[in-house]
Amino acid sequence: MKTVITSEGENLNAPFDKRFGRAAWFCIYDEGSRESSFIKNENASVTGGAGTRSAEKMIELGVTKIISGDFGPKAKELLEKFNIQMVILQDDNLKVQNIIEKLNK
Amino acid sequence: MRIFSLDLYREYSLLSSAYIIIAMPRRRRLRKIVAPPGFRGYKPYGVNSSKNESVELLYEEYEAIKLADYDLMNHLEASELMGISRPTFARIYESARRKIALALVETKEIKTTYGNAWMDKNWFICKDCYARFTIPINTRSHECPICKSGEIETIKQ
Amino acid sequence: MSYKITVASGKGGTGKTTVAVNLFHFLKDRLNSNIQLVDCDVEEPNDVIFFPNAVKINQEKVSQFIPEIDIKKCTFCRKCVEYCEFNAIVVIPTVSFAEVNSSLCHSCGACLVACGENAISEIAQPIGHVNFYDINSDNPLAEGNLKIGSAMQTMLIKELKKHVSDQIEIVIYDAPPGTSCPVVETIVDADYIILVTEPTPFGLHDLKLMVNLLDEVKKPFGVIINKAGLGNNDIYELIEKKGIELLGEIPFTREYASHYAAGNLLSDIPEEISLSFKEIVSKLENRIIIYEGNNYFKW
């Protein structure tokens, strides 16, 4: 079970990024082995279609769940098509670490 | 944002999955509804009887009544909106009317239940941690993906 | 070569259509020349409303070509994805998925060049119509009418402009409101731009945006202040400070506004309004004569 948490930085103490398509980093977290790794979002600053490209990346990575602050219409459509669960958290001041702790409870 | 109960839906899905194992019926097509009813049920008042009987009005039945008798659509238009055939629409509509008539005449409560409906976009909210999320069709679990709480409700965005 | 005048404004509702339709009327009267009105506000073309006897004489469909990927031929090499400047193509090799998102596609054709497998073909998708109306004039009123939901305003305006003949002496483009791509498309080949504004804080703010845009594209322009008498004097200060040509002012009167609302723009024009337009037209006339002279000598 691969879960992606959008992150503003490359470590677990980084703030949770509330954007999906234009998130700075993606934290890939394995709920089974509790291991996490980070990949940079190459599409964060493209002029258009960031959501589509990021969704494409998620499908390629075989992610099953994405935790972010919001999803654009085009990303939603693609993620829905490939049965990827979308989770929206709206709390401010969340760190990636806090979300992982919640998942582990 | 309108929020409504999913408890009955979960009961229903448990029942129906049990049913599938025994009888394997024809898969029921989901009926698209635009918005869930804005109430959980109706209760008669000024009634002596203390019998606690009720009829269950499915969301798609509520939607059929709304489209045909409130929005004054003809059956063809309404069926297209719900993504079902015209005869199926007619059947749901007929069933809805009979249930309402039964409730009125026999002074029963009306309770709304999820039935075979699906929202335009299926989004849920966790009543404990307020996470909002989708449940992809291939997943069986109906719990919050963050805090694992079973207290979830659908939301209409 | 025709002399092209674009009537534009940053803010909506300042009176572009009022000015465009009236200019057409008074220029035709005064110069007796071969003139055409072209409604480029393709999302809500309403110039035609002010010609009660207009009859639609022709309609042409405008289509956009959207690429389609044949999954059977596609090798999922992602070359088209790399070529696409607009990120409109999704190709996911691991799940053999390839699709074009038509709302992002700009129909540039780069993916067709990219594909070595011949897996991409184009299908026509209608984006709107170009309509022509007979309005008892030498030339018909031309308008673009965008299909609801389409985002291809600029493309439709481009097509619409192709339908305007070179032989026409004066062309008036009625632009959409704002300063975005469709407006730029309406301005880009104009010889002169008339900015319609109103003396309100909103009119001032959006006029500034428009002036910046025109400075960038280096086009000559003048300002008409519509609804003069409302609001405040800030807009006059800006015009003076920047040395902008003030073509004229159209006074605000309630009667004229209700006249407009009833669709009677060109009948029983109040004296003061018609005077304003005549003054504007005489200023424009000088520009047109200079332009024609210049072009004559170039020949």
In terms of heavy-atom contacts, does [atom1] of [X] have more than 12 from other residues, nucleotides or ligands at under 6.0 Å?
X: C:F202; atom1: CZ; result: no
X: C:E245; atom1: CD; result: yes
X: C:K219; atom1: NZ; result: yes
X: A:N93; atom1: CG; result: no
X: A:K18; atom1: NZ; result: yes

Checklist entry - Is the closest side-chain heavy-atom distance between A:V46 and C:F86 below 4.5 Å? => result no
Next on the checklist: So if I take each residue of residues 48-57 of chain A and look for any heavy atom under 4.5 Å from a heavy atom in chain C, which residues do I end up with?
Outcome noted: A:G48, A:G49, A:T52, A:R53, A:E56
Next on the checklist: Quick check for you: among C:I92, C:N101, C:T94, which has the greatest number of heavy-atom pairs under 4.5 Å with chain A?
Outcome noted: C:I92
Next on the checklist: Heavy-atom cut-off 4.5 Å, strictly under: side chain, backbone, both or neither for C:V95 against chain A?
Outcome noted: side chain
Checklist entry - Heavy atoms under 4.5 Å from chain A: which residues of residues 69-82 of chain C carry them? => result C:R78, C:V81
Checklist entry - Which heavy-atom pair separates C:V91 from A:E60 by the least distance, and what is that distance? => result O-OE2, 4.4 Å
